[in-house]
Amino acid sequence: MERLDNENSRNCSSSIFRLYTMLPYSLPLDNIPMKQRLLALASEHREEWRSWQCSLDEQVIEMLRNLDKNGLQALTNLSKLHPLVVVRHFPRVVEILETDGTALSRGSCKEKRGRIHAESTLHGTLINQNLLTKIKIRHWGYDFTESVWISILALISAMPKEVVWSHVALIMGVTDILNQYLKLISGQSLLAQEKNIIRIKAQLQPLLLSFKTLNEHGWDVWCSSFIDDIKSRGKVNNILEWPCEIKFH
């Protein structure tokens, strides 16, 4: 009988969480125990949760597309009320940053408003049909749209810290988002272009401090990991020290 009661309780909790995912406004989230229970259920159902439909998904996608317009304020407001709905879209945030950091031609940079580009010291030569041509090497992170990167930091800063640094948020990719920032900052720093990332570093540092404070285990695991594409620069904790030079004291 006790086993049956436990099973019924789990099924009931699962149904409640599925209902919340489908219709977030159907549950009163001014109830703190309810918030905590939903967070626990999100972690418990993390695999299937990714595929469940949510009535707010299309709105979140549209807001992310318009971060540089009115999307940020709307998304920030939503993240305060329903942070788990936004957490589901962390992989999409990673894609936005990854795409924005892809180097454009110098002409395209000038045409795209708000685009910041480095003054690269990396050059090479190309010999084609006995002609010697000088080329400039542009890696990922050579140029970027500062407003996009600042907006995403503002979004994460506005979310409840107990959610954004939770186990489920780590699974959904919050550290993948942080990795994009370390890739950008370290790349610009290695090009001696620290002036391009002053604002980004200033807003990233308190976020990292809250991560370190609120989820010590998650922080340690992340710091011991490598970042794809820049593994040669060492583990995350090495990159934080140099070339990012982000300090916590």
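Along the sequence shown, the residues carry numbers beginning at 1. Note: hydrogens, waters and symmetry copies are ignored here, and every other heavy atom, side chains too, is used. As the structure is a prediction and not an experimental result, all values here were calculated from the model.
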| task | Report the distance from atom CG of Asn179 to atom OG of Ser225, rounding to the nearest 0.5 Å. | result | 6.0 Å

| field | Gln193 side-chain N/O to Leu191 backbone N/O, donor-acceptor pair under 3.5 Å | value | yes

| query | Any donor and acceptor pair, going by atom type alone, linking the side chain of Thr102 with main-chain N or O of Glu98 inside 3.5 Å? | reply | yes

| task | For Ser210 and Leu207, indicate whether the former's side chain and the latter's backbone hold a donor-acceptor pair under 3.5 Å. | result | yes

| remark: When every non-hydrogen atom of Cys54 is compared with those of Arg88, the smallest separation belongs to CB-NH2, 3.8 Å

| query | Who passes ring pair (Phe, Tyr, Trp, His ring centres under 6.0 Å) against His82, sequence neighbours left out? | reply | Tyr20, Tyr25

| note | Interatomic distance, CG@Leu182 vs SG@Cys244, rounded to 0.5 Å, equals 5.0 Å

| query | Between Leu208 and Leu240, is any pair of side-chain heavy atoms under 4.5 Å apart? | reply | yes

| remark: Rounding to 0.5 Å, atoms CG (Leu72) and CD1 (Ile152) come to a distance of 9.5 Å

| field | Whether Gln188 side chain and Tyr142 backbone form a donor-acceptor pair below 3.5 Å | value | yes

| Can you name the one residue among His45, Arg37, Glu44 that meets side-chain hydrogen bond (donor to acceptor under 3.5 Å, both in side chains) with Ser13? | Arg37

| Spacing of CD belonging to Glu95 relative to CG belonging to Asp176, to within rounding of 0.5 Å | 11.0 Å

| message | I'd like to know if Glu146 pairs up with Arg115 as an ion pair, taking the criterion as any Lys NZ or Arg NE/NH1/NH2 lying under 4.0 Å from an Asp or Glu carboxylate oxygen. | response | no

| So, does Ser224 use its side chain to make a donor-acceptor pair with the main chain of Val221 at under 3.5 Å? | no

| note | Closest heavy-atom pair, Leu97 versus Ile177, reported as atoms and distance to 0.1 Å, is CD1-CG2, 4.0 Å

| said: How long is the straight-line distance from CE of Met34 back to CG of Leu38, given to the nearest 0.5 Å? | reply: 6.0 Å

| query | After noting the C-alpha distance and the side-chain angles of Val236 and Thr175, does the key distance pass the side chain to side chain contact (heavy atoms under 4.5 Å, CB included) rule? | reply | CA-CA 11 Å; Val236 165; Thr175 51; over 6 Å; no

| field | Donor-acceptor contact below 3.5 Å, side chain Arg46 vs main chain Ser43 | value | yes

| Can you tell me if Asn77 uses its side chain to pair, donor with acceptor, with the backbone of Gln73 under 3.5 Å? | yes

| Whether Ser186 side chain and Lys183 backbone form a donor-acceptor pair below 3.5 Å | yes

| message | For Trp52, is the CH2 atom crowded, meaning more than 12 foreign heavy atoms sit under 6.0 Å from it? | response | yes

| task | For Ser147 and Ser151, work out which heavy atoms get closest and say how close. | result | O-OG, 2.7 Å

| Mind checking whether Phe17 and Met22 sit in one hydrophobic cluster, side chains of I, L, V, M, F, W, Y counted as touching below 4.5 Å? | no

| said: Taking transitive links into account, so neighbours of neighbours count too, which hydrophobic residues share a cluster with Ile32 at under 4.5 Å side-chain distance? | reply: none

| message | Check whether Asp100 reaches the backbone of Thr145 with its side chain - one donor and one acceptor, N or O, closer than 3.5 Å. | response | yes

| Candidate pair Leu84 and Trp49, rule side chain to side chain contact (heavy atoms under 4.5 Å, CB included), full reasoning | CA-CA 11 Å; Leu84 285 174; Trp49 183 44; 4.1 Å; yes

| note | Rounding to 0.5 Å, atoms NE2 (His89) and CE (Met172) come to a distance of 10.5 Å

| Do other residues, nucleotides or ligands put more than 12 heavy atoms under 6.0 Å from the NZ atom of Lys201? | yes

| message | Counting only heavy atoms from other residues, nucleotides and ligands, does the tally under 6.0 Å from NZ of Lys195 exceed 12? | response | yes

| query | Between Asn215 (side chain) and Gly218 (backbone), is there a donor-acceptor pair under 3.5 Å? | reply | yes

| If you look only at pairs with a residue in residues 169-191, which of them pass as a ring pair (Phe, Tyr, Trp, His ring centres under 6.0 Å), with sequence neighbours excluded? | Trp149-Tyr181

| query | Is it true that the side chains of Asn237 and Trp222 contain a donor and an acceptor less than 3.5 Å apart? | reply | no

| said: So that I can tick it off, tell me whether Asp57 and Arg92 are bridged by a salt bridge, with the cut-off set at under 4.0 angstrom between side-chain N and carboxylate O. | reply: no

| note | On a heavy-atom basis, the closest approach of Leu56 and Pro24 is CD1-CG, 3.6 Å

